[in-house]
Amino acid sequence: MVDSALLWQSFAALAADSMEGRRMGTRGNAMARKFLAERLAQLGVSPLVPGYVQHFDVTWRDTSARDGVNVLGIVRGADTTRAVVVSAHFDHLGVRHGEIYNGADDNASGSAAVLALAAWYAAHPPRHSLIFAWFDGEEAGLRGSKAFVESPPVPLRRIVANVNLDMVARLDQNELYAAGATPFPFFRPLLQATAREAPVKLRMGHDLSQPDGLENWIGQSDQAAFYAKGVPFVYFGVEDHADYHRTTDDAERVDAGRYVAAVRTIADFLHRLDESLETTVPRRRNR
Ligand SMILES: [Zn+2]
């Protein structure tokens with residue numbers, strides 16, 4: 001279900017020094033979003049907004065950034081009345097004191113994974129519309145996702161779920177976490193079915209239930225913007241590692257086999273979700 005060559009090439013490109021750490025408002029960030037938009041056009045993924053880009057106002061300390069830019073594509077399903085937003089933030093920390101923060105795991109990994117998922121669905125149309133979103137400014141306080149839910153290009157009531165990917169490559173313990181099944185228990189059977197078939201250890205937690213004292217991650221990435229609007233979410237990611245937010249978060253430290261396995265696991269979950277959306281996720285009230 002996932003083109004592993006496309007996945008790895010996109011991951012390596014986004015995590016390369018030439019992208020200069022993809023910080024919001026920088027040249028490297030603009031290169032990353034150009035890369036994404038060009039791939040989307042090649043893959044036949046439709047733009048959700050003209051040119052795939054959604055600009056939003058931002059004033060951010062210590063930068064000249066005046067706007068942030070989300071990249072948004074859509075593959076329409078047979079049923080266009082419901083949509084799932086599959087997301088990853090593409091920005092990272094940029095260059096500090098002459099050193100590039102490549103953010104390979106955080107979050108070139110999720111960005112390339114969402115691209116690989118978009119590629120697959122462009123060739124195999126889903127039952128429900130899938131919006132593929134690369135958010136800017138996550139590292140500056142979830143700016144892109146907040147802007148998206150404040151000015152959604154489709155009515156928010158049609159967005160029935162968010163599947164967010166942030167740090168999905170560094171499976172040092174061969175473990176991937178899925179957060180969201182505690183506030184939204186209707187996801188649990190799908191995640192359990194996915195876990196039974198998964199090539200990685202898929203564990204639930206890091207949400208409102210903290211049975212092992214696990215930190216609550218709901219506020220840690222772009223799913224928080226959806227959660228704040230009452231949109232159910234599943235977040236996929238790994239535990240923090242020694243290279244988190246350091247200059248050593250590089251592509252060379254990623255085990256390609258485990259990364260591909262993680263993305264296949266997420267693809268399997270997304271497939272199950274799309275197949276069962278009517279019965280799994282309650283329809284949202286008009287708002
Ligand atoms: Zn991140």
Side-chain angles (χ1 to χ4, degrees), residues 7 10-16 19-26 28-29 32-33 35-36 56 58 60 63 65 68-71 85-96 100-117 132-149 162-172 175-180 205-207 214-228 233-251 253-254 258-259 262-263 266:
L7 177 71
S10 308
F11 167 67
L14 290 166
M19 297 283 178
E20 299 173 352
R22 309 182 306 279
R23 181 182 176 90
M24 184 170 62
T26 65
N29 180 287
R33 87 182 174 245
F35 173 86
L36 291 167
F56 55 93
V58 60
W60 191 26
T63 74
V69 188
N70 295 328
V71 179
V85 174
V86 184
S87 61
H89 74 87
F90 73 94
D91 71 303
H92 192 55
L93 303 175
V95 180
R96 292 179 182 176
I100 304 173
Y101 288 71
N102 284 321
D105 191 31
D106 186 11
N107 187 29
S109 70
S111 298
V114 173
L115 193 64
L117 292 168
F132 296 96
W134 292 264
F135 292 129
D136 199 0
E138 190 270 355
E139 302 285 10
L142 317 181
R143 299 296 188 93
S145 52
K146 286 177 180 170
F148 178 90
V149 300
N162 169 232
V163 177
N164 187 45
L165 285 60
D166 192 355
M167 298 172 61
V168 295
R170 286 289 295 271
L171 277 72
D172 298 354
E175 279 179 358
L176 180 68
Y177 274 96
H206 283 295
D207 48 27
L214 296 177
E215 187 190 0
N216 181 349
W217 286 346
I218 294 179
Q220 301 284 335
S221 184
D222 292 310
Q223 68 274 358
F226 291 88
Y227 184 61
F233 74 86
V234 175
Y235 159 72
F236 289 99
V238 299
E239 291 278 5
D240 286 357
H241 44 76
D243 300 311
Y244 172 73
H245 281 204
R246 291 178 184 249
T247 56
T248 48
D249 181 6
D250 283 322
R253 302 215 170 183
V254 167
R258 285 187 173 182
Y259 175 33
V263 179
I266 297 164

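Atoms within a ligand are numbered from 1 in the order they appear, just like the ligands themselves.
Under the 3.5 Å distance criterion, the side-chain polar atoms of D105 are matched with a main-chain donor or acceptor of A169.
Nearest heavy-atom pair, A140 versus M24, reported as atom, atom and distance to 0.1 Å: CB-CE, 3.8 Å.
Metal site remark for the Zn ion (ligand 1): E139 contributes no N, O or S atom at a distance under 2.8 Å.
Residue-level check: among N/O/S atoms of D106, OD1 sits closest to the Zn ion (ligand 1).
No side-chain donor from either of D91 and N29 sits under 3.5 Å from a side-chain acceptor of the other. No side-chain donor from either of S87 and D222 sits under 3.5 Å from a side-chain acceptor of the other.
Centred on the Zn ion (ligand 1), the angle running from D166 (OD1) to H89 (NE2) is recorded as 90°, rounding to 10°.
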